[in-house]
2 protein chains.
Amino acid sequence: MNIDLNAAHEEFRRYLKKEKHRITPERFEVLDYALEFEGHFGADELFLKMKNNNSNVSRATVYNTLELLAACDLLAKRNFGENKTRYEAKYGRKSHDHLICTNCGSIKEFSEPAIEKIVKEISEKLGFEPTGHSFNIFGKCTNSNCKMRQNEQNNS
Amino acid sequence: MNIDLNAAHEEFRRYLKKEKHRITPERFEVLDYALEFEGHFGADELFLKMKNNNSNVSRATVYNTLELLAACDLLAKRNFGENKTRYEAKYGRKSHDHLICTNCGSIKEFSEPAIEKIVKEISEKLGFEPTGHSFNIFGKCTNSNCKMRQNEQNNS
DNA sequence: TTCAGTGCAAAAACTTTGCAGGAGG
DNA sequence: CCTCCTGCAAAGTTTTTGCACTGAA
């Protein structure tokens with residue numbers, strides 16, 4: 001875990017240098033908190049978590065740094081239709097897409113190689129240079145808590 | 001065009017009845033404006049357009065009605081990663097997904113039957129009942145205006 | 001008659017911006 | 001030493017909510 005963290009720092013440092021951004025302690029603090037987060041998180045959520053841990057990093061810096069981390073592929077930028085940007089640690093992880101339960105909000109991941117192939121084919125056909133994609137499946141999951149909520153709603 | 005509009009009204013009426021929502025003139029006014037819109041639009045955008053046309057329908061009603069129209073499949077609800085909900089007339093149209101140029105913001109549509117197959121397979125495998133999906137490819141388009149902007153950015 | 005739906009304005013949630021001061025290169 | 005980055009607070013954008021009133025069933 002610590003090895004990963006150092007390697008991630010190193011990668012971020014390289015990116016910042018290459019793009020002529022300054023190397024500041026705040027940026028690495030954001031990176032640490034982001035990688036520590038399990039699952040998806042919003043920018044404000046991360047900012048508040050840092051604030052609660054007595055970090056002095058400002059909201060503006062958190063928002064700005066998350067953009068940089070997404071740009072250099074240490075984080076993935078997501079949007080699950082809630083009108084807020086979500087991030088997810090990507091460093092060293094396999095790329096994947098998501099199933100989102102519209103009833104209980106739970107999110108499952110899946111990998112399907114055929115999707116990359118489709119991205120390539122469609123882009124080529126339409127004269128487009130793809131840089132990424134987002135594929136979300138919406139529906140109802142079979143989680144028992146979820147079913148409970150469905151029944152509650154039906155009864156109300 | 002007028003025939004479509006009447007048929008859409010009829011479908012919306014049926015839906016409202018079935019779900020025990022009241023049938024109000026405001027809701028049909030929103031439907032008319034929504035179907036009239038070319039391409040994608042945001043809720044506030046539609047509200048303002050209506051307001052400028054001297055409609056009295058309130059912001060709250062527009063937001064509420066667009067949800068209903070998406071729920072009954074007359075509109076499709078989209079999100080292209082700008083943290084705002086976008087809608088698009090779906091009535092009588094073939095389902096499709098989108099290519100989004102991150103440089104100039106233009107949006108192209110494509111249809112790829114294999115995607116539905118993937119949605120089905122993945123959902124079945126993971127114990128999930130799909131109700132819809134969103135598939136967006138991000139990248140750079142070859143539109144000439146777009147290339148111009150890219151060059152501007154590189155030169156700055 | 002009843003209560004879901006409406007208009008309006010205020011609040012909420014998330015993000016961006018402006019500015020003055022501070023530190024990285 | 002220059003200017004990019006930072007913290008802070010204010011403003012911006014989109015969406016939701018509270019409340020009193022109205023009109024559909």
Side-chain angles (χ1 to χ4, degrees), chain A residues 9 12-31 33-34 40-72 75 77-87 105 156, chain B residues 9 12-31 33-34 40-72 75 77-87 105 156:
Chain A
H9 276 216
F12 193 27
R13 191 185 314 275
R14 264 201 304 276
Y15 169 78
L16 292 173
K17 223 166 220 168
K18 194 183 73 178
E19 299 292 330
K20 300 205 165 60
H21 293 302
R22 289 189 177 162
I23 288 165
T24 69
E26 289 85 357
R27 286 177 170 167
F28 289 94
E29 200 176 337
V30 173
L31 171 55
Y33 275 88
H40 309 92
F41 58 90
D44 229 63
E45 202 176 339
L46 190 71
F47 165 69
L48 292 174
K49 185 174 180 179
M50 292 177 70
K51 182 152 217 168
N52 289 338
N53 279 246
N54 294 313
S55 166
N56 282 320
V57 178
S58 73
R59 180 172 263 122
T61 299
V62 172
Y63 274 82
N64 157 56
T65 305
L66 289 174
E67 280 302 315
L68 294 175
L69 289 168
C72 74
L75 300 182
K77 201 171 174 179
R78 310 276 187 199
N79 194 309
F80 299 129
E82 324 150 85
N83 295 331
K84 66 180 267 192
T85 302
R86 298 192 146 282
Y87 294 90
S156 68
Chain B
H9 276 216
F12 192 28
R13 193 186 312 277
R14 264 201 304 277
Y15 169 79
L16 293 173
K17 224 166 218 170
K18 193 183 75 179
E19 298 292 330
K20 299 206 167 59
H21 294 302
R22 290 190 176 160
I23 288 165
T24 70
E26 288 85 357
R27 286 177 169 164
F28 289 95
E29 199 176 339
V30 173
L31 171 56
Y33 275 88
H40 309 92
F41 57 91
D44 229 62
E45 201 176 340
L46 189 71
F47 165 69
L48 292 174
K49 185 173 179 180
M50 291 176 71
K51 182 153 216 165
N52 289 338
N53 279 248
N54 294 313
S55 166
N56 283 320
V57 177
S58 71
R59 179 172 263 120
T61 299
V62 172
Y63 274 82
N64 157 56
T65 304
L66 289 174
E67 280 303 314
L68 294 174
L69 289 169
C72 73
L75 299 182
K77 201 172 172 177
R78 310 275 187 200
N79 193 310
F80 299 128
E82 327 150 83
N83 295 330
K84 65 179 270 190
T85 302
R86 298 192 147 284
Y87 295 89
S156 69

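Labels below follow one simple rule: chain letters A, B, ... track the order of the sequence lines, proteins then strands, and each chain is numbered from 1.
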key: Given DNA chain C, 5'-ward residue of the pair T24(B) and T24(A), judged by closest heavy atom   =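 Looking at the nearest nucleotide for each, T24(B) comes out on the 5' side.
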Report task. By nearest nucleotide on DNA chain C, pick out whichever of N64(B) and E67(A) is the more 5' one. Result ->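 Result: N64(B).
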(Q) Heavy atoms only, 4.0 Å cut-off, all strands: where does R27(A) land among base, sugar-phosphate and nothing? (A) sugar-phosphate
* Asked: Which is true for D44(A) with a 4.0 Å heavy-atom rule: it touches a base, it touches only sugar-phosphate, or it touches nothing?
  ->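 Base, at least one base heavy atom under 4.0 Å.
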| field | P25(A) vs P25(B), nearer the 5' end of DNA chain D by closest nucleotide | value |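 Looking at the nearest nucleotide for each, P25(A) comes out on the 5' side.
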More 5' along DNA chain D: T85(B) or V57(A), using each one's nearest nucleotide?
->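 So the residue in question is V57(A).
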Whole angstrom value for the distance that separates [atom2] of [N] from [atom1] of [X]:
| X | N | atom1 | atom2 | answer |
| --- | --- | --- | --- | --- |
| E45(A) | dA13(C) | CD | C1' | 13 Å |
| M50(B) | dT6(C) | CE | P | 11 Å |
| K84(A) | dA13(C) | NZ | C1' | 9 Å |
| R86(A) | dC14(C) | CZ | P | 9 Å |
| L48(A) | dT15(C) | CG | P | 11 Å |
| E26(B) | dT6(C) | CD | P | 5 Å |
| R59(B) | dA9(C) | CZ | P | 10 Å |
| N83(A) | dA12(C) | CG | P | 19 Å |

Worksheet item: First contact, last contact: which nucleotides of DNA chain D are these for chain A, 5' to 3', heavy-atom distance under 4.0 Å?
Response: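 In short, chain A contacts DNA chain D from dT3(D) to dT15(D).
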Nearest to the side chain of R22(B), heavy atoms from C-beta on, is which of dC8(C), dA4(C), dT15(C)?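 Nearest nucleotide to the side chain: dA4(C).
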Aromatic ring pairing H40(A)/F80(A), orientation class (parallel under 30°, perpendicular over 60°, tilted between) | perpendicular
Which of K49(A), M50(A), K51(A) passes side chain to side chain contact (heavy atoms under 4.5 Å, CB included) with N53(A)? It is K49(A)
Nearest heavy-atom approach of F47(A) to R59(A) is CE1-N, 3.2 Å
Nearest heavy-atom approach of G42(B) to K84(B) is CA-CE, 4.2 Å
Sidechain-backbone polar pair: N79(A) side chain, E82(B) backbone, donor-acceptor under 3.5 Å = no
Could you check if a side-chain atom of F28(A) sits within less than 4.5 angstrom of a side-chain atom of I23(A), using non-hydrogen atoms only?
yes
**Side-chain touch T65(A)/F12(A), heavy atoms, less than 4.5 angstrom** = yes
task: Taking only the side-chain nitrogens and oxygens of H21(B), find out if one of them lies under 4.0 Å from OP1 or OP2 of dA4(C).
output: no
